[in-house]
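Chain A is the first sequence line, chain B the second, and so forth, proteins listed ahead of strands; every chain is numbered from 1. Everything numeric in this text was worked out from a predicted model, so none of it was measured.
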Number of protein chains: 2
Amino acid sequence: MADLIYRKVIDDIKNRIFDDEFKDNRLPDERSLSESYEVSRSTIKRALDILVQQGVIFKKRGSGTFINPLYLKNQSLFQYEGNNLGVTDNIITTGHKSSIKLLDFQVTPANPEIQQNLFLNENEFVYKIERLRLIDGKPIIIETGYIPIKLAPELSPETVKKSIFHFMNQEENKRVSKSFMSIMTEPSNKEDQKLLDLSENEPVGIMAGTFFLDDGTPFEFSSMRVHYKYLNYNTFINLNSD
Amino acid sequence: MADLIYRKVIDDIKNRIFDDEFKDNRLPDERSLSESYEVSRSTIKRALDILVQQGVIFKKRGSGTFINPLYLKNQSLFQYEGNNLGVTDNIITTGHKSSIKLLDFQVTPANPEIQQNLFLNENEFVYKIERLRLIDGKPIIIETGYIPIKLAPELSPETVKKSIFHFMNQEENKRVSKSFMSIMTEPSNKEDQKLLDLSENEPVGIMAGTFFLDDGTPFEFSSMRVHYKYLNYNTFINLNSD
DNA sequence: AAGTGGTCTAGACCACCGC
DNA sequence: CGGTGGTCTAGACCACTTG
C-alpha cells in the first residue's frame with residue numbers, strides 16, 4: 001500500500017511544503033521533479049494531480065505549479081483531504097466516546113421510494129433500523145436506515161448496536177465504499193426535539209442518501225437527522241467543468 | 001475543448017450506458033475498449049477513471065468494470081456529475097429568472113478572521129458586499145462577501161449587482177476556479193426572517209468559505225445564508241482512503 | 001523563443017479474482 | 001491458470017504563458 005511510488009512522492013512533497021522548502025509558493029517544474037525523484041514525468045503528474053484534487057496545490061498551464069496558501073496558513077481545515085462527512089460510522093469519533101442506542105429494528109416490505117433507491121423489485125423486504133447516535137453521552141443523530149434483507153440475512157439487533165459497515169466487512173466480506181448523499185435542513189419535529197434535546201426553533205441538518213458496496217450494489221438507504229450544532233460538512237469544489 | 005479523445009470516449013460510453021448497450025451492467029475490459037475505440041489503453045483508463053469519479057461506473061480489480069445501477073435508474077440525480085452547490089453565480093438559474101438586490105456595499109479594514117481567510121496582512125482593506133439573491137422574485141439567499149480591494153480595484157455597486165465572478169473573468173481576466181466551503185445550519189435570526197420571509201422556527205442553511213482564483217490566490221470570503229427549502233447539496237463520497 | 005503543463009501512445013510488469 | 005484492473009516508464013507532440 002504505502003510502497004507505491006506516487007504515494008511516496010505525494011507524502012514527500014507535502015512534507016516539503018509543510019517545511020516551507022519551496023520559494024515563492026512555487027514547486028519545481030514537472031521535468032525537474034521527475035529527475036530529482038528519479039521517476040517518470042507521468043508519475044510526477046499523477047502525484048501532482050492528486051495534490052490538486054486535495055486542494056494542496058494549483059497548476060497553471062504555461063506558468064507552473066503553486067502551493068495553495070491556505071494549506072500552509074490553516075492546515076487543520078485540510079485534515080480531511082477531500083470530502084468529509086463529520087458524521088458516519090468511522091469519523092468524528094476521534095478522541096470522543098461514541099455510543100448507539102437502538103430505537104427500532106424490524107423487517108418490512110420496501111415501499112416504492114425505498115425500492116427505487118435500493119434497486120429492489122416489488123415484494124422485497126428490508127430491515128428498518130432506527131438508531132440514536134451519541135457522542136460523550138450527548139445525542140447527536142437520529143439515523144433511519146433501510147437494508148435489503150437479502151444482502152445481510154444475518155443482521156441482528158445486537159449487531160446493529162455497533163457498526164453495520166464493520167460487520168459487513170468482517171462477517172460478510174462486503175465493503176461499503178461509496179455513497180451518494182444530499183444535505184438539507186429543516187425545522188425540528190417533535191421527535192427530533194425529544195431525542196436530540198432541541199428547542200422548538202432549533203433545526204436539524206439532514207443527510208440522506210444511498211451507500212453502495214464495492215461492486216455497485218446499493219446497500220443502504222439512510223436518512224440522518226443531525227443536531228444542528230454538529231452538522232459541518234467541508235468540501236472542495238472545482239467550479240470548472242469536470 | 002470537445003475534441004479531446006478521452007472526452008469523446010467518456011461521452012460515447014455514457015451514451016451507450018444510457019442506451020443499455022452493455023449486458024450484465026458490465027463494460028468490456030480495458031484492452032478491448034482500447035482496440036474498439038482505436039486509442040491507447042492509457043486513454044481508456046483516463047476516461048474510465050473520470051466516470052468512476054462521477055459515480056457512473058465502478059471498477060473492481062481482477063473482475064472488471066461495472067455500471068452503477070443508480071445511474072440508469074435515477075439519472076436525474078446525476079445531472080451535476082460530481083459536486084454540486086445548488087447555489088452559486090452560475091447554477092440553479094436554469095429555467096428561472098434570478099435577480100440580485102444590493103443591500104450593502106462598503107470598504108472596511110479586514111478584521112482578523114477575514115485577514116486569515118484571505119491571506120491578508122494587517123491594515124489591508126476589503127470590500128464588504130451584502131446581497132440578496134432572488135429566484136423568480138422569491139428571496140433565497142443572503143450573501144455576505146469580502147474581497148480584497150487590491151484584487152479588484154474597479155469594483156463598483158453597479159458591477160456588484162450582477163455576477164462578480166463574470167466581471168472578474170471578462171474585465172480583469174482572472175478566473176475564479178475553486179472553493180473550499182463548509183455547510184452548516186442554524187436557527188434563523190431576525191434579519192433572516194425579514195429578508196427571506198421565514199417564520200421564527202424556520203432555519204437557514206449556511207455555506208461559508210473561500211473562493212480562489214486560478215493561481216491559488218484567495219479571492220473572496222463568503223457567507224451565504226440560504227432559505228432552508230432551497231439548500232440541497234448533492235455529493236458523491238468515496239469512503240476509502242483518498 | 002523558451003518554459004511550463006496537457007494529451008496521448010505503446011508497452012512492461014504486477015496484484016487480484018474466479019474458474 | 002487466464003483475465004482483469006493498477007502502476008510505471010520513456011518519449012512525442014500540443015497549448016498556453018511569459019519575457
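- Note on Ser40(A): every side-chain N or O is 4.0 Å or more away from OP1 and OP2 of dG11(D).
- A distance of 9.0 Å separates OG1 in Thr159(B) from CD1 in Ile164(B), rounded to the nearest 0.5 Å.
- The nearest heavy atom of DNA chain D to Asp49(B) and to Lys60(A) marks one nucleotide each, and the one closer to the 5' end goes with Asp49(B).
- Atom CD1 in Ile10(B) sits about 11 Å away from atom P in dT7(C), given to the nearest Å.
- Rounded to whole Å, atom P of dC16(D) lies 10 Å from atom CG of Leu4(B).
- Residue contacts for Lys45(B): at a heavy-atom cut-off of 4.0 Å it reaches a base atom on one of the strands shown.
- Here Thr65(A) reaches the OP1 or OP2 of dG5(C): one of its side-chain N or O atoms lies under 4.0 Å away.
- Ring centroids of Tyr127(B) and Phe105(B) are separated by less than 6.0 Å, placing the two rings close together.
- Of the two residues contacting DNA chain D, namely Val39(A) and Arg61(A), the nearest-nucleotide position lying further toward the 5' end is that of Val39(A).
- Residue side chain Arg41(A) reaches the base of dG5(C) through a donor-acceptor N/O pair under 3.5 Å, judged by distance alone.
- Rounded to whole Å, the distance from CZ on Phe66(A) to C1' on dT17(D) is 10 Å.
- The side chain of Arg26(B) has dT4(D) as its nearest neighbour among dT4(D), dC8(D), dC8(C).
- Rounded to an integer number of Å, the gap from Glu30(B) CD to dC13(C) P is 19 Å.
- The CG atom of Leu33(B) sits 12 Å away from the C1' atom of dG5(D) (whole-angstrom rounding).
- With rounding to the nearest 0.5 Å, the separation of CZ in Arg31(B) from CD1 in Ile44(B) is 12.0 Å.
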Run the salt bridge (Lys or Arg N to Asp or Glu O under 4.0 Å) check on Glu30(B) and Lys59(B) step by step: do they pass? CA-CA 11 Å; Glu30(B) 295 179 347; Lys59(B) 291 168 138 189; 3.2 Å; yes
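- Look at Lys59(A) and you'll find a side-chain N or O under 4.0 angstrom from OP1 or OP2 of dG6(C).
- Aromatic rings of Phe211(B) and Phe221(B) (six-membered ring for Trp) have centroids beyond the 6.0 Å cut-off, not under it.
- If you measure from atom CG of Leu27(A) to atom P of dG5(C), you get 9 Å, rounded to the nearest angstrom.
- Distance, Ile5(A) CD1 to dA10(D) P: 10 Å, rounded to whole Å.
- Close to dT7(D), at under 4.0 Å from its OP1 or OP2, lies a side-chain N or O of Tyr6(A).
- Here the P atom of nucleotide dC14(D) and the CG atom of Asp3(B) are 13 Å apart, to the nearest Å.
- Residue contacts shown for Ser42(B) include a base, since a base heavy atom lies under 4.0 Å away.
- Between dC8(C), dT4(C), dT7(C), one nucleotide has an atom nearer to the side chain of Arg46(B) than all others, and that is dT7(C).
- For dG11(C), the base has no donor-acceptor partner in the side chain of Arg31(B) [N/O atoms by modelled type, under 3.5 angstrom].
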